[in-house]
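This report refers to the structure that appears directly beneath it.
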Amino acid sequence: MRERKEIVDEFATFINQEMQNCIEQNIEFSELAGYKKILVLQSAPVHVLQDVLGKIYKANEDIQVIIVGQNACENLKAVFKGKNIELIVHDKSFGDDDFALLQQTEEEYQPEAVLYFNNFASCVDFSNVEHLLWPVENKIPIYSYSYVQQELNRHTKLSYHLYGCIVYKDLLEWFRTFK
């Protein structure tokens, strides 16, 4: 009979492989050059967003950026003077009560892509943002910028990634607790 640890390790490996298959990791910002409008959910500090906007504008200086984020993002209009930046002030953490806001924003602006931030590509800490994006995952491309890893990623199956991360975290927690 196989040991419990071996079974858990095999399952964890399977989940990790499935999650990795849902993300194209470390892609170039030039991939964003073909878009005219991008919706950005500010789930990172403003200085991180500023650095990323610089990379986006280097790839496509005419892109319109719609930011759903903190009032402090207003300063980015001065930093990127002459660029087409819209700010929808959102001075709180993203949550289930933001589905209507994002639906309205998507309908009004019709972005061609969405970008959000996390600290690692397979991080469950930002599941609240991923959770909000699953309704549009089959309509428009979804990207994340992992600011600790400093890489742009494209999510091909956001819901698989989201729930895979949650299952993986819960599996590890269960295993640690019930050894």
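Everything quoted here is computed from the prediction, not taken from an experiment.
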Can you give me the closest heavy-atom contact between Q42 and P45, atom names plus distance? NE2-C, 4.2 Å
Sorted by chain and residue number, the salt bridge (Lys or Arg N to Asp or Glu O under 4.0 Å) partners of E112 (sequence neighbours excluded) come out as none
So how far is it from N71 CG to H90 NE2, rounded to the nearest 0.5 Å? 13.0 Å
My understanding is that only one of L41, D98, V114, I66 makes a side-chain contact (heavy atoms from CB on, under 4.5 Å) with T105; could you say which? I66
Taking the side chain as every heavy atom from C-beta outward, state whether P111 and I38 have any atom pair closer than 4.5 Å. no
How about L101 and I88: do any of their side-chain heavy atoms sit closer than 4.5 Å? yes
Determine, step by step, whether L39 and Y109 satisfy the side chain to side chain contact (heavy atoms under 4.5 Å, CB included) criterion, reporting the C-alpha distance in whole Å, the side-chain angles of both residues, the deciding distance to 0.1 Å, and the verdict. CA-CA 8 Å; L39 173 62; Y109 290 96; over 6 Å; no
Could you report the tightest heavy-atom contact between A33 and A59, atom names first, then the distance? CB-O, 3.4 Å
Those residues at least two apart in sequence (or on a different chain) that pass side-chain hydrogen bond (donor to acceptor under 3.5 Å, both in side chains) with D97 are K92
Under the 3.5 angstrom rule, does the side chain of S43 hit a backbone N or O of F117 as a donor-acceptor pair? yes
Could you pull out all residues at least two apart from E108 that satisfy side-chain hydrogen bond (donor to acceptor under 3.5 Å, both in side chains)? none
Rounded to the nearest 0.5 Å, the CG atom of N26 sits from the CG atom of L152 at a distance of 8.5 Å
My understanding is that only residues two or more places apart in sequence, or in another chain, count here; which of them pass side-chain hydrogen bond (donor to acceptor under 3.5 Å, both in side chains) with Q64? none
What are the two closest heavy atoms between C73 and V46, and how far apart are they? SG-CG2, 4.1 Å
Decide yes or no for C22 and H155: does some side-chain heavy atom of the first lie under 4.5 Å from some side-chain heavy atom of the second? no
Run the salt bridge (Lys or Arg N to Asp or Glu O under 4.0 Å) test against E74 and tell me which residues pass, sequence neighbours left out. K77
Min side-chain heavy-atom separation V136-L102 under 4.5 Å: no
Within-4.5 Å side-chain heavy-atom neighbours: Y35 and I140: no
Just one of N153, I67, I56, I142 clears the side-chain contact (heavy atoms from CB on, under 4.5 Å) bar with L115, so which one? I56
Among all residues two or more places apart in sequence or in another chain, which pass the side-chain hydrogen bond (donor to acceptor under 3.5 Å, both in side chains) test with Q103? E107
Look at the aromatic rings of W134 and F99 and report parallel, tilted or perpendicular, splitting at 30° and 60°. perpendicular
Taking the side chain as everything from C-beta on, heavy atoms only, tell me whether F80 gets closer than 4.5 Å to V65. no
Any side-chain hydrogen bond (donor to acceptor under 3.5 Å, both in side chains) involving residues 44-61? Give me the pairs, sequence neighbours left out, ordered by first then second residue. K55-Y145
d(E106 CD, K37 NZ) to nearest 0.5 Å is 10.5 Å
